[in-house]
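Following: one structure in structure tokens, then a few remarks.
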Amino acid sequence: MLYDCRSPADRDRGIAAAIEAVKNGELVVLPTDTVYGIGADAFTPYAVKALSDARGGSQAAPPVLIGSRHTLDGLVFSLPRAARDLVEAFWPGALTIVVEHSPSLAWDLGGDADGTVAVRMPLHPVALEVLRETGPMAVAAANKVGQSPSLTADEARDQLSYSVRVYLEAGACPDPVPSTIVDLTGDTPRLLRAGAITLDQLRDVAPDILDERGA
């Protein structure tokens, strides 16, 4: 089912349907401030596997989106000072941070299970409203592996079809630049992927960040 969140009534119904679907272990497509994402409850392993299968069997662990900065404290054992500074400066927004997650977390995001997780708080009202009710969601780009990212929910539906329970349409992404990814698991922050937030902007907050895109 596709809901047009540009209509207030449809938005309310759509968000309620998306929250219910996620809590039931089903998949949803929702807008973010970068591109549309396909999401599942991060703590429901079969839902995370269904997300991977829907995209065509991607082996990488999906990033986790959260609806509040405070949620981050529940996911990590210890957050480095640089991580707190970057989150304060750029969340909600197009910054993904890679941190060591708490070993007590009962989740299985797939991938190589190295004890780390990529986390982001998106700057989109629809996404935040869903996330604040569902809690952390595993979210990947809403497209088949190897295909172009979806810039609308309708485009995502063309690729993902009936594998997704709820599609939330909020119009075309205004600036479909991927998020910037920073690894904060070591002593020094490392830029892994340049995106909407530039290296110069990052260095205004974390001057010692290393650029390892070519590594």
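On a predicted model such as this, the values are computed, not experimentally measured, just so you know. Atom set for the values below is all heavy atoms of this structure, side chains included, hydrogens, waters and symmetry mates excluded.
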Asp187 atom CG: more than 12 heavy-atom contacts under 6.0 Å:
no
Counting only heavy atoms from other residues, nucleotides and ligands, does the tally under 6.0 Å from CZ of Arg165 exceed 12?
no
Decide whether Thr152 and Arg157 meet the rule of one side-chain donor and one side-chain acceptor closer than 3.5 Å.
no
Give a yes-or-no answer on whether the side chains of Asp200 and Thr198 include a donor-acceptor pair shorter than 3.5 Å.
no
If you take all heavy atoms of [X] and [Y], which pair is closest and at what distance?
{"X": "His124", "Y": "Pro31", "value": "CE1-CG, 3.4 Å"}
{"X": "Gly25", "Y": "Thr44", "value": "CA-CG2, 4.4 Å"}
{"X": "Asn143", "Y": "Pro149", "value": "OD1-CA, 3.3 Å"}
{"X": "Ala82", "Y": "Leu184", "value": "CB-CD2, 4.0 Å"}
{"X": "Leu128", "Y": "Pro122", "value": "CD2-O, 3.3 Å"}
{"X": "Ala142", "Y": "Val29", "value": "CB-CG2, 4.1 Å"}

Side-chain heavy atoms nearer than 4.5 Å, only ILVMFWY residues, links allowed to pass through others: does that put [X] and [Y] together?
{"X": "Leu27", "Y": "Leu30", "value": "no"}
{"X": "Ile15", "Y": "Val28", "value": "yes"}
{"X": "Val35", "Y": "Val164", "value": "no"}

Taking ring-ring contact (aromatic ring centres under 6.0 Å, His included) as the definition, give me every residue that meets it alongside Trp107, ordered by chain and number, with sequence neighbours left out.
Phe43, His101
With side-chain contact (heavy atoms from CB on, under 4.5 Å) as the test, pick out the partner of Val182 among Leu192, Leu210, Leu86, Ile197.
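Among Leu192, Leu210, Leu86, Ile197, the one meeting side-chain contact (heavy atoms from CB on, under 4.5 Å) with Val182 is Leu86.
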So among Arg11, Glu155, Arg6, which one has a side-chain contact (heavy atoms from CB on, under 4.5 Å) with Glu169?
Arg6
So, taking the atom named CG in Asp41 and the one named CG in Leu51, what distance separates them when rounded to the nearest 0.5 Å?
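If we round to the nearest 0.5 Å, Asp41:CG and Leu51:CG are 11.5 Å apart.
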Between atom OG1 of Thr185 and atom CD1 of Ile97, what is the distance when rounded to the nearest 0.5 Å?
11.0 Å
Salt bridge flag under 4.0 Å for residues [X] and [Y]:
{"X": "Asp73", "Y": "Arg84", "value": "yes"}
{"X": "Arg13", "Y": "Asp10", "value": "yes"}
{"X": "Arg203", "Y": "Asp211", "value": "no"}

Output yes when a side-chain donor or acceptor of Lys144 lies under 3.5 Å from a complementary backbone atom of Ala54, and no otherwise.
yes
Could you go through the side chain to side chain donor-acceptor pair (under 3.5 Å) check for Thr96 and Ser179 one step at a time?
CA-CA 6 Å; Thr96 298; Ser179 67; 2.8 Å; yes
Could you work out, with salt bridge (charged side-chain N to carboxylate O under 4.0 Å, His left out) as the rule, every residue matching Arg132, not counting sequence neighbours?
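Applying salt bridge (charged side-chain N to carboxylate O under 4.0 Å, His left out) to Arg132 gives none.
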